[in-house]
Amino acid sequence: MNVLLIGATGMIGQGVLRESLLDPDVQNVLSIGRSLTGQRHPKLRELVHTDFFDFSALEPEMKGFDACFFCLGVSSAGMSEERYQRVTYDITMAVARTLAKLNPDMTFIYVSGMGTDSTERGRVMWARVKGKTENALMKLPFKARYMFRPGFIQPLRGIRSKTRLYRAFYTITGPLYPLIRVLFPRYVTTTEDLGRAMIKVAKQGARKSVLEN
Ligand SMILES: NC(=O)c1ccc[n+]([C@@H]2O[C@H](COP(=O)([O-])OP(=O)(O)OC[C@H]3O[C@@H](n4cnc5c(N)ncnc54)[C@H](OP(=O)(O)O)[C@@H]3O)[C@@H](O)[C@H]2O)c1
């Protein structure tokens with residue numbers, strides 16, 4: 001399986017990158033980001049791209065992939081709806097439209113979040129924007145698309161979020177993780193399990209398009 005990874009420098013992206021490099025069924029990983037991951041591995045190739053609203057110059061590089069793991073995203077904290085939508089919706093759709101055109105046999109996996117609002121009309125801004133993004137992705141002509149909606153994700157193996165807010169949150173809650181897992185097993189996962197789940201769904205598919213924890 002040839003995998004294209006967007007957001008590989010982030011917490012979830014680092015997790016799925018690690019699992020992809022370990023998985024014998026993944027032959028190649030191309031990471032496209034605005035910075036390098038700092039990792040070296042025979043399966044991994046990286047492209048640095050600055051304009052995430054326009055991928056026309058990269059099109060020749062974006063062909064021939066079986067799966068895309070789209071892990072790019074930001075926290076909505078302190079952001080206007082317009083700014084949040086610019087990253088969450090506009091960037092995602094710029095990547096996804098390019099990939100759908102070039103890779104009709106691709107499985108596209110998008111990381112949204114627990115509580116995403118598919119009606120696009122609820123009161124929570126981030127949930128509406130993620131819902132709008134998921135709904136638009138569902139209409140693109142990929143072989144398959146899956147929306148992953150994780151809740152609490154415990155970073156493992158030294159992985160850290162790029163988002164200060166998440167980093168602080170997971171530093172505080174990290175020691176409590178075993179307890180949280182026992183008390184709320186349906187709402188928690190780890191970067192490792194999430195990465196493995198994304199790879200498994202890319203290989204085998206799933207019965208539902210929207211996958212919760
Ligand atoms: N962490 C959680 O607990 C959690 C839970 C549920 C859902 N989610 C969702 O999962 C997604 C990823 O979360 P995360 O925790 O992995 O985030 P993260 O650690 O902050 O990583 C964000 C990733 O997105 C990239 N990125 C952000 N803005 C960008 C831009 N304007 N242009 C290009 N790249 C950009 C970052 O690249 P740089 O390295 O270049 O900054 C980084 O690779 C988000 O949509 C988040 O809402 C996260």
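In listed order, ligands and their atoms are each counted from 1.
With respect to R128 and E81, a salt bridge is recorded, a charged nitrogen being found less than 4.0 Å from a carboxylate O. Salt-bridge check for E61 with R45: passed, with a basic side-chain N closer than 4.0 Å to an acidic carboxylate O. Taking a cutoff of 4.0 Å between a charged side-chain nitrogen and a carboxylate oxygen, K143 and D66 do not qualify as a salt bridge.
Taking any N or O of G113, backbone or side chain, none lies under 3.5 Å from an N or O belonging to ligand 1. Between P150 and ligand 1, not a single N/O pair is under 3.5 Å apart. Residue contacts with ligand 1: G13 is placed with no nitrogen or oxygen under 3.5 Å of a nitrogen or oxygen of the ligand (distance criterion only).
Among protein heavy atoms, the minimum distance from atom 34 (N) of ligand 1 is reached at L72 CD1, 3.2 Å. Looking at atom 11 (C) of ligand 1, its nearest protein heavy atom turns out to be C71 O, 3.8 Å. The shortest contact between atom 4 (C) of ligand 1 and any protein heavy atom is with I153 CD1, 3.5 Å. The single protein non-hydrogen atom nearest to atom 21 (O) of ligand 1 is G10 CA, 3.1 Å, given as residue, atom name and distance. Considering only non-hydrogen protein atoms, atom 31 (N) of ligand 1 sits nearest to R34 NH1, 3.4 Å. With hydrogens left out, the protein atom closest to atom 46 (C) of ligand 1 is Y166 OH, 3.8 Å, a heavy atom. Nearest protein neighbour of atom 16 (O) of ligand 1, counting heavy atoms only, is I12 N, 2.9 Å. Protein heavy atom at the shortest distance from atom 22 (C) of ligand 1 is G73 O, 3.3 Å.
When heavy-atom distances to ligand 1 are checked against a 4.0 Å cut-off, Y170 comes that close only through its side chain, counted from C-beta outward. Neither the backbone nor the side chain of M114 has a heavy atom within less than 4.0 Å of ligand 1. Contact annotation for I91 and ligand 1: only side-chain heavy atoms (C-beta onward) come within less than 4.0 Å of the ligand.
Distances shorter than 4.0 angstrom occur between a heavy atom of S112 and an atom of ligand 1. For the ligand labelled ligand 1, residue G151 lies inside the 4.0 Å heavy-atom shell. Look at K130 and you'll find a heavy atom under 4.0 Å from some atom of ligand 1.
Residues S31 and L17 have side chains not in contact (no heavy-atom distance under 4.5 Å, counting atoms from C-beta outward).
Of the possible donor and acceptor atoms, none in the side chain of S76 sits under 3.5 Å from a partner among the backbone N and O of M79. Checked by atom type and distance alone, the side chain of T191 pairs as donor or acceptor with a backbone atom of L156 at under 3.5 Å. Side chain of N103 to backbone of L99: a donor-acceptor contact under 3.5 angstrom is found. Checking side-chain atoms of T190 against main-chain N and O of D193 turns up a donor-acceptor pair under 3.5 Å.
Ring to ring, F69 and F108 are not that close: their centroids are 6.0 angstrom or more apart.
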When you look at R145 and E134, which way does the salt bridge (Lys or Arg N to Asp or Glu O under 4.0 Å) test go after all the steps? CA-CA 9 Å; R145 340 127 196 81; E134 283 192 356; over 6 Å; no
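Numbered from 1 in the order shown, with element, the atoms of ligand 1 that lie under 4.0 Å from a heavy atom of S35 read 39 (O), 40 (O).
For CZ of R83, the number of neighbouring non-hydrogen atoms (other residues, nucleotides, ligands) closer than 6.0 Å is 12 at most.
Around atom 43 (O) of ligand 1, the closest heavy atom drawn from T9, V111, V48, T133 belongs to T9.
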